[in-house]
Number of protein chains: 2
Amino acid sequence: MGAGMVDTKSGDDSLLFLTDENLRRGIEAMFFAYRGFTSDPDRILQGLDYGRAHHRAVHFIHRAPGTTVGNLLDILGVTKQSLNRVLRSLFDDDLVEARVGHKDRRERHLYLTEKGAALERSLSDAQRARMRSAYRAAGPVAVAGFRTVLEAMMDQEQRRQYQAQYQSAKVGAP
Amino acid sequence: MGAGMVDTKSGDDSLLFLTDENLRRGIEAMFFAYRGFTSDPDRILQGLDYGRAHHRAVHFIHRAPGTTVGNLLDILGVTKQSLNRVLRSLFDDDLVEARVGHKDRRERHLYLTEKGAALERSLSDAQRARMRSAYRAAGPVAVAGFRTVLEAMMDQEQRRQYQAQYQSAKVGAP
DNA sequence: TTGGAATGTCAACAACGCTGACATAAATTG
DNA sequence: CAATTTATGTCAGCGTTGTTGACATTCCAA
């Protein structure tokens, strides 16, 4: 049996949401929605010398102030060379500040500067505005389903990080 | 009032799903889920000389056999130079075939070859497997909400194309 | 017949992934 | 204390995929 087959003999209404047709629509919905999802911040970033990678770094530093470089590497899932290129430009432009860890002095704890916080705000305001309008249009039940499906779609490791977000801030002092 | 504020004076349970905290979680869920969503095809494609752009082209040609280059440009939202680079390699490797339109001979109607269909199958089997498992874990109600929110998140133009998918196949013959 | 649409192509560039190699400082371990 | 490991930074090079700009061809349509 091919990977695309679905067993529908068990009932009429039970598994119809698992047809290949429906799965394909879900796949395309992800594709188009992700484009919309990133388009507003992308528009803001173009013109400045930044891109989506800078947005992600700034987002997660804002979310977890004092996070370390290694921590950010885990969350973003890129190489340190790639992240370093991004962080360097953020340092150079005074958007992000790195403080040496006081417990482990090898670590750099990352913080947004005033200027960095302003950029983060402008990016996330735009992105939240779209999300809010989508949420409002869809209603709370749909939103709950949305989040449930997205969590189920993540890799286990990604899901772990997603759920750990709220405890991962490390308050490092210089 | 900042763009991040939410009016919660109207009730207790009504608008709590619109808090900035919830919106932010939705944003991060999109980020992590999209990574999972693309990871399986990406794994297959690396090693072959293809990337995500080839996947998209092959996907939409499969979905709408006989679609034209211009049509594909609209759907994918990239420049013709960018798409052309991708299509050329797909032609060269005999994955996609272009037939001159018989009504308008400037148009090229695109079709997957046997080989192209095989690649498409392998990519979409992988992606559907993840989607199916997420759908199954979440259940039909959640899936409906998932789709509703994604559609609300698309740009109007993207939503139009998403919904038109099923009538957009043009059966052109040489 | 002329204008514009659909397509292809060349060149150059930018963003952002990757690998590999090497350096440094500091923590940890034997 | 010496050796090893960890956290980080950096240089060099490469691949994919997006961009602009310019130009050519073919062909429909007014």
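Reminder, nothing fancy here: chain letters follow the sequence lines and each chain counts from 1. Treat the numbers as computed from the prediction; the structure is a model and nothing was measured.
Proximity note for R108(A) (side chain, C-beta onward) versus dA5(C), dA26(C), dG9(D): the nearest is dG9(D).
As rounded to whole Å, 7 Å separates atom P of dG9(D) from atom CG of L87(A). Note: CZ (R43(A)) to P (dT19(D)) measures 14 Å, nearest angstrom. For D74(B) and dA5(C), the CG to P distance is 14 Å, given to the nearest whole Å. Whole-Å rounding puts the R106(A) CZ to dT4(D) P distance at 17 Å. In this structure, N84(B) places its CG atom 18 Å from P of dG21(D), rounding to the nearest Å. Residue L90(B) contributes atom CG, which lies 14 Å from atom C1' of dT17(D) at whole-angstrom precision. In this structure, CG of L73(B) is placed 14 Å from C1' of dT19(D), rounded to the nearest angstrom. In this structure, NZ of K103(A) is placed 15 Å from C1' of dT6(D), rounded to the nearest angstrom.
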Using a 4.0 Å cut-off on protein heavy atoms (strictly under), produce a 5'-to-3' string for nucleotides 10-23 of chain C with B for base contact, S for backbone-only sugar-phosphate contact, and - for none. B----SBBBBBB--
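Taking side-chain N and O atoms only, R105(B) has no distance below 4.0 Å to OP1 or OP2 of dT26(D).
With respect to H62(A), the side chain to side chain contact (heavy atoms under 4.5 Å, CB included) criterion is satisfied by exactly one of L123(A), L110(A), L112(A), L119(A): L112(A). The one candidate from T68(B), T67(B), V100(B), L87(B) that meets the side chain to side chain contact (heavy atoms under 4.5 Å, CB included) condition with R108(B) is V100(B).
Within the 3.5 Å criterion, the main-chain N or O of V96(A) finds no donor-acceptor partner in the side chain of K115(A).
Taking the six-membered ring for Trp and thresholds of 30 and 60 degrees, F146(B) and F146(A) have nearly parallel ring planes, at less than 30 degrees apart.
Note that R99(B) lies in the cation-pi zone of Y111(B), set by a 6.0 Å cut-off to the ring centre and a 45° limit from the axis. Cation-pi contact between R25(A) and Y162(B): present, with separation from the ring centre below 6.0 Å and deviation from the ring axis of at most 45°.
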